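It should be emphasised that the depicted structure is a prediction, and the values quoted were computed from it without experimental measurement. Both backbone and side-chain heavy atoms feed into the values below; hydrogens, waters and symmetry mates do not. Sequence positions, counted from 1, serve as the residue numbers for this chain.
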Amino acid sequence: DVQLQASGGGLVQAGGSLRLSCAVSGFTVDDYAIGWFRQAPGKEREGVSCISLSDGSTYYADSVKGRFTISSDNAKNTVYLQMNSPKPEDMAVYYCAATPTYYSDYVPTRGDEYAYWGQGTQVTVSS
């Protein structure tokens with residue numbers, strides 16, 4: 001079974017840093033893309049950052065470019081989201097998701113492109 005386990009959420013001060021982890025199992029990570037999505041109360045889910053584990057292509061939402069970094073450790077089957085200088089508007093439940101990739105130089109960025117989802121981890125940013 002494909003499983004994703006997100007962790008690392010918590011309370012962080014604005015301007016601080018936090019690293020989220022997504023441990024995956026049940027599939028060959030090299031053939032998949034992993035995405036981080038978030039949903040704040042009363043708002044729609046949005047894509048934050050995604051990575052193709054086959055070629056390392058990445059995507060960042062404009063709101064997090066230059067502050068967040070997505071990376072992977074394929075040997076550990078884990079994808080990370082390093083959140084630097086978080087802002088109060090980054091506060092949300094963060095989810096990681098996975099989907100098979102079929103094309104090079106393409107990173108799925110929409111939630112409906114992802115087949116498997118993990119549970120969320122809450123990120124709270126204090127101002």
Side-chain angles (χ1 to χ4, degrees):
D1 292 346
V2 174
Q3 293 187 357
L4 300 96
Q5 180 76 34
S7 62
L11 176 64
V12 60
Q13 281 192 328
S17 63
L18 194 67
R19 189 176 77 165
L20 305 184
S21 299
C22 178
V24 304
S25 62
F27 57 88
T28 302
V29 295
D30 290 352
D31 298 329
Y32 274 68
I34 304 294
W36 284 100
F37 296 81
R38 67 187 181 188
Q39 188 165 22
K43 294 188 177 181
E44 293 187 355
R45 183 182 61 196
E46 63 172 335
V48 177
S49 182
C50 309
I51 184 168
S52 170
L53 298 179
S54 62
D55 64 9
S57 299
T58 58
Y59 159 82
Y60 293 95
D62 288 343
S63 59
V64 306
K65 280 181 181 176
R67 300 187 297 119
F68 292 8
T69 302
I70 192 169
S71 62
S72 67
D73 185 335
N74 289 16
K76 293 183 178 180
N77 288 355
T78 301
V79 173
Y80 304 99
L81 183 69
Q82 180 68 40
M83 303 172 61
N84 293 335
S85 300
K87 303 175 181 179
E89 51 263 44
D90 294 320
M91 186 161 56
V93 177
Y94 283 71
Y95 301 87
C96 61
T99 197
T101 54
Y102 303 102
Y103 307 104
S104 61
D105 297 326
Y106 178 72
V107 183
T109 62
R110 303 192 320 267
D112 61 7
E113 296 182 281
Y114 283 79
Y116 306 101
W117 291 79
Q119 90 297 347
T121 186
Q122 174 71 49
V123 172
T124 302
V125 182
S126 63
S127 55

- Message: Once rounded to the nearest 0.5 Å, what's the spacing between atom CD of Q119 and atom OG of S7?
- Response: 8.0 Å
- Should L53 and Y95 be counted in the same cluster of Ile, Leu, Val, Met, Phe, Trp and Tyr side chains packed under 4.5 Å apart? no
- Message: Taking disulfide bond (SG atoms under 2.5 Å apart) as the definition, give me every residue that meets it alongside C50, ordered by chain and number, with sequence neighbours left out.
- Response: none
- Note on the structure: OH (Y32) and OG1 (T101) are apart, to the nearest 0.5 Å, by 9.0 Å
- Item | Same apolar cluster: V48 and V12, side chain cutoff 4.5 Å | yes
- Task: Consider only side-chain heavy atoms of I, L, V, M, F, W and Y, link residues closer than 4.5 Å, and tell whether Y59 and Y94 are in one cluster.
- Result: no
- Is there side-chain contact between V123 and D90, with at least one heavy-atom pair below 4.5 Å? no
- Message: Under 4.5 Å between side-chain heavy atoms, counting indirect links through other Ile/Leu/Val/Met/Phe/Trp/Tyr residues: same cluster for V64 and L20 or not?
- Response: yes
- Item | Q13 CD: over 12 foreign heavy atoms closer than 6.0 Å | no
- Could you list the residues that satisfy ring-ring contact (aromatic ring centres under 6.0 Å, His included) with F37, not counting sequence neighbours? Y114, W117
- How many angstroms lie between atom CD1 of I34 and atom OG of S52, to the nearest 0.5 angstrom? 10.0 Å
- Can you find a pair of side-chain heavy atoms, one from M91 and one from R38, that are under 4.5 Å apart? no
- Given side chains that start at C-beta, do those of D105 and S57 come closer than 4.5 Å, heavy atoms only? yes
- Item | Residue pair A33 / P108: nearest heavy atoms and the distance that separates them | CB-CD, 3.7 Å
For a quick test of your reading: what N or O donor-acceptor pairs under 3.5 Å do the side chains of residues 76-87 make, sequence neighbours left out?
| from | atom 1 | to | atom 2 | distance (Å) |
| --- | --- | --- | --- | --- |
| T78 | OG1 | K76 | O | 2.9 |
| Q82 | NE2 | N84 | OD1 | 3.0 |

- Task: Drop me the distance from R110's CZ to R45's CZ, to the nearest 0.5 angstrom.
- Result: 11.0 Å
- Show your reasoning for whether side chain to side chain contact (heavy atoms under 4.5 Å, CB included) applies to I51 and W36. CA-CA 9 Å; I51 184 168; W36 284 100; over 6 Å; no
- Message: Please enumerate all residues that pass ring-ring contact (aromatic ring centres under 6.0 Å, His included) together with F68, with sequence neighbours excluded.
- Response: none
- Residues two or more places apart in sequence or in another chain: which of them pass salt bridge (charged side-chain N to carboxylate O under 4.0 Å, His left out) with K65? D62
- Item | Heavy-atom closest pair, residues P88 and V125 | N-CG1, 3.7 Å
- Message: Considering only residues two or more places apart or on different chains, which pairs with a residue in residues 84-127 satisfy disulfide (SG to SG under 2.5 Å)?
- Response: C22-C96
- Non-hydrogen atoms of G8 and T121 that approach each other most closely: N-OG1, 4.1 Å
